[in-house]
Amino acid sequence: MITIDGTREENLHYRWSPNLRPIASVRDGDEVTVIIPDSSTMQIRPGMTAEDLAKLDSSKFDAAVGPIYVEGAEPGDALAVDILDIEVGDWGWSAILGFIGLLKGRFRDLLIHWRISNGYAETTGDFLKGIKIPVKPFLGVIGVAPREGEFEMIPPQYFGGNMDNKLHGVGARVYLPVNVRGALLSLADPHASQGDGEVTGTAIETSATVRIRVNVIKGLGIRRPFTVASIKDEPTNVIATMGISSDLYQAARDALEDMLTILSKLYGLTPEEGYVLSSVIGNLRISEIVDEPNYVVTLTIPRSIIERIRQ
C-alpha cells in the first residue's frame, strides 16, 4: 500500500484537467493512504482571527491531492472508490465569509476554531460555548478528470469534485464516471462534520489521513457519480444518486433520472418501477447549495428494499 502526502506542494493541483501529470499509479484493487490538508490548503492555522481571512489566497482553496492513475480504467468504465478509514486532525475551523454562503453578505467575516477529540468537536472560545458536535468525517471533494477542458476546484461537475456530500464517509463506495484513461482520481476537503447544504460555505474544516481502495467497474457507463453508503441514524445502507446542476430543480431531475438508470442496470427494474419506488421510499436532500454556480441534490433509496429483488 502506498502513502501520498498532500502536505507537499508537488502532490497538489488547483484545477480539474485531463492533462494533469499523475503523481502516483495504482492497480485495480489497490489500497492507498492519502494525507489531505484542510480546505484552506494549510493557510488557516490555530490562533488566526477573522482579520486574517482577508489575507488568504482563495485560488488555493480546496487544493486536491492527486491525480492518481488507476491502471485498467478506460472511458466508459466506472471507478469505485471505497472509503475505508478517515482519521481527522485534532483541530478544525469554520467561517462566515462574505463571498460565499446562502446568506452571503449579511454577516461580517467570522473565524471559529474547533478542538477535536474523543469523537466530538468543541469551539475554543465563547462562540457556541458548551456545544459538542459529534464527529462524522467525510470527504468533501472526490473526483476524476473531465473528458476535456479545465475547471475550477470549487463548483462540482459531472465528474464529481466538490460535492460536499456527507454520505462520503467511512463505509461509502463512491462510483465515478471514467472519462480518460487511468481515471485520474483526486481527493480533497476533509470535514469533521457538516449539515446537508453546508449553508455558510464551510463545515468543520480539518485535515485528515484517509485510506481508500479503488476498483475498476468495466463498462458501467454512468453519467454522474453515485454512491452506496451507510447512514448511522438509519438501520440500512442506501443507494444515492447525485444530480449536479446550476438549477436545483434540474439537479433533482438528474438525480432521479440517474436512479432510474441504476435501478435498471443493476436490479432490472423498469423505468416506471423505479419512478414509483423513488416516490414511495426515496428521499431527496440538498447536499450542497453554496458552491455556485452548481448545486448537488441527492436521492437516496434504502438498499435493503432493492436487495429483496435479487432474492
Side-chain angles (χ1 to χ4, degrees), residues 12-18 20 36 38-39 41 58-67 78-81 83 97 99-102 104 138-169 172-180 183-191 194-203 205 210 222-227 229 240-259 262 284-300:
L12 297 173
H13 64 87
Y14 299 91
R15 298 186 73 82
W16 298 99
S17 168
L20 296 175
I36 307 175
D38 71 287
S39 63
T41 316
S58 61
S59 71
K60 293 185 177 295
F61 287 178
D62 287 332
V65 185
L79 185 68
V81 182
I83 302 175
L97 299 164
F99 62 87
I100 194 171
L102 202 55
K104 63 182 178 182
F138 72 96
L139 286 177
V141 172
I142 179 169
V144 291
R147 289 184 293 272
E148 59 185 6
E150 288 194 351
F151 297 85
E152 295 179 355
M153 296 304 300
I154 288 181
Q157 306 286 349
Y158 67 90
F159 49 83
N162 196 18
M163 296 178 286
D164 286 320
N165 193 327
K166 69 179 187 178
L167 293 178
H168 294 164
R173 168 172 270 207
V174 184
Y175 292 81
L176 300 162
V178 176
N179 305 297
V180 299
L184 300 184
L185 172 68
S186 300
L187 311 173
D189 193 23
H191 293 163
Q194 181 203 291
D196 281 324
E198 195 187 24
V199 294
T200 70
T202 66
E205 312 290 329
V210 178
I222 59 176
R223 293 174 294 179
R224 286 172 289 268
F226 77 95
T227 299
T241 52
M242 285 163 279
I244 301 171
S245 174
S246 59
D247 180 84
L248 276 176
Y249 188 80
Q250 187 60 49
R253 286 176 58 95
D254 288 345
L256 178 57
E257 291 283 6
D258 285 358
M259 182 63 77
I262 294 301
L284 280 174
R285 54 202 295 178
I286 297 174
S287 294
E288 179 277 302
I289 199 170
V290 291
D291 292 333
E292 299 178 82
N294 291 343
Y295 315 117
V296 179
V297 175
T298 299
L299 173 61
T300 64

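Along the sequence shown, the residues carry numbers beginning at 1. Any value given below was found using the heavy atoms of this structure, including those in side chains, with hydrogens, waters and symmetry copies removed.
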Requested in this report: Return the set of residues passing salt bridge (charged side-chain N to carboxylate O under 4.0 Å, His left out) with Asp258 (not counting sequence neighbours), or none when no residue passes.
Outcome: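 Arg223, Arg224.
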
Query raised in the report: Got a sec, which residues hit salt bridge (charged side-chain N to carboxylate O under 4.0 Å, His left out) with Lys60, two or more places apart in sequence or on another chain?
Result: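 Once residues adjacent in sequence are excluded, Lys60 has no partner under the salt bridge (charged side-chain N to carboxylate O under 4.0 Å, His left out) criterion.
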
Query raised in the report: Step by step, would you call Leu176 with Ile142 a side-chain contact (heavy atoms from CB on, under 4.5 Å)?
Result: CA-CA 9 Å; Leu176 300 162; Ile142 179 169; 4.1 Å; yes

Closest non-hydrogen atom pair between [X] and [Y], with its separation:
X	Y	value
Ala240	Thr300	CB-CG2, 3.9 Å
Pro177	Val144	O-CG2, 3.1 Å
Leu167	Ala172	O-CB, 3.3 Å
Gly243	Asp254	CA-CB, 3.9 Å
Ala64	Ser186	CB-CB, 3.8 Å
Gln250	Ser245	CB-OG, 3.6 Å

Out of curiosity, [X] [atom1] to [Y] [atom2], how far, rounded to the nearest 0.5 Å?
X	Y	atom1	atom2	result
Phe61	Ile100	CZ	CD1	8.5 Å
His168	Arg173	NE2	CZ	13.0 Å
Leu102	Thr200	CG	OG1	10.0 Å

Heavy atoms, side chains only, cut-off 4.5 Å: are [X] and [Y] in contact?
X	Y	value
Thr41	Tyr14	yes
Leu139	Ile36	yes
Asp291	Val296	no

If the condition is side chain to side chain contact (heavy atoms under 4.5 Å, CB included), which residues does [X] pass it with, not counting sequence neighbours?
X	answer
Tyr295	Leu248, Glu288, Ile289, Glu292
Ala252	Leu284, Val297
Leu20	His13, Ser17, Pro67

**Report entry** Name of the residue among Thr241, Thr227, Asn165 meeting side chain to side chain donor-acceptor pair (under 3.5 Å) with Thr298
**Finding:** Asn165

Report task. Look at the rings of His191 and Phe138 and say which category their plane angle falls in: under 30° parallel, 30 to 60° tilted, over 60° perpendicular. Result -> perpendicular

Side-chain donor-acceptor pairs of residues 150-161 under 3.5 Å, sequence neighbours excluded:
from: Glu150; atom 1: OE1; to: Arg15; atom 2: NE; distance (Å): 3.2
from: Gln157; atom 1: OE1; to: Asn294; atom 2: ND2; distance (Å): 3.4
from: Tyr158; atom 1: OH; to: Arg147; atom 2: N; distance (Å): 2.8

Report task. Determine, stepwise, if the pair Val210 / Val65 fulfils side-chain contact (heavy atoms from CB on, under 4.5 Å). Result -> CA-CA 11 Å; Val210 178; Val65 185; over 6 Å; no

Query raised in the report: What's the verdict on side-chain contact (heavy atoms from CB on, under 4.5 Å) for Ile286 and Asp196, showing C-alpha distance, side-chain angles and the deciding distance?
Result: CA-CA 6 Å; Ile286 297 174; Asp196 281 324; 5.8 Å; no

Query - Check: Ser39 main-chain N/O paired with Asp189 side-chain donor or acceptor under 3.5 Å - result: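 The answer is no, because no donor-acceptor pair under 3.5 Å joins these two groups.
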
Report task. Give a yes or no on whether Tyr249 atom OH has more than 12 heavy-atom contacts from other residues, nucleotides or ligands under 6.0 Å away. Result -> no

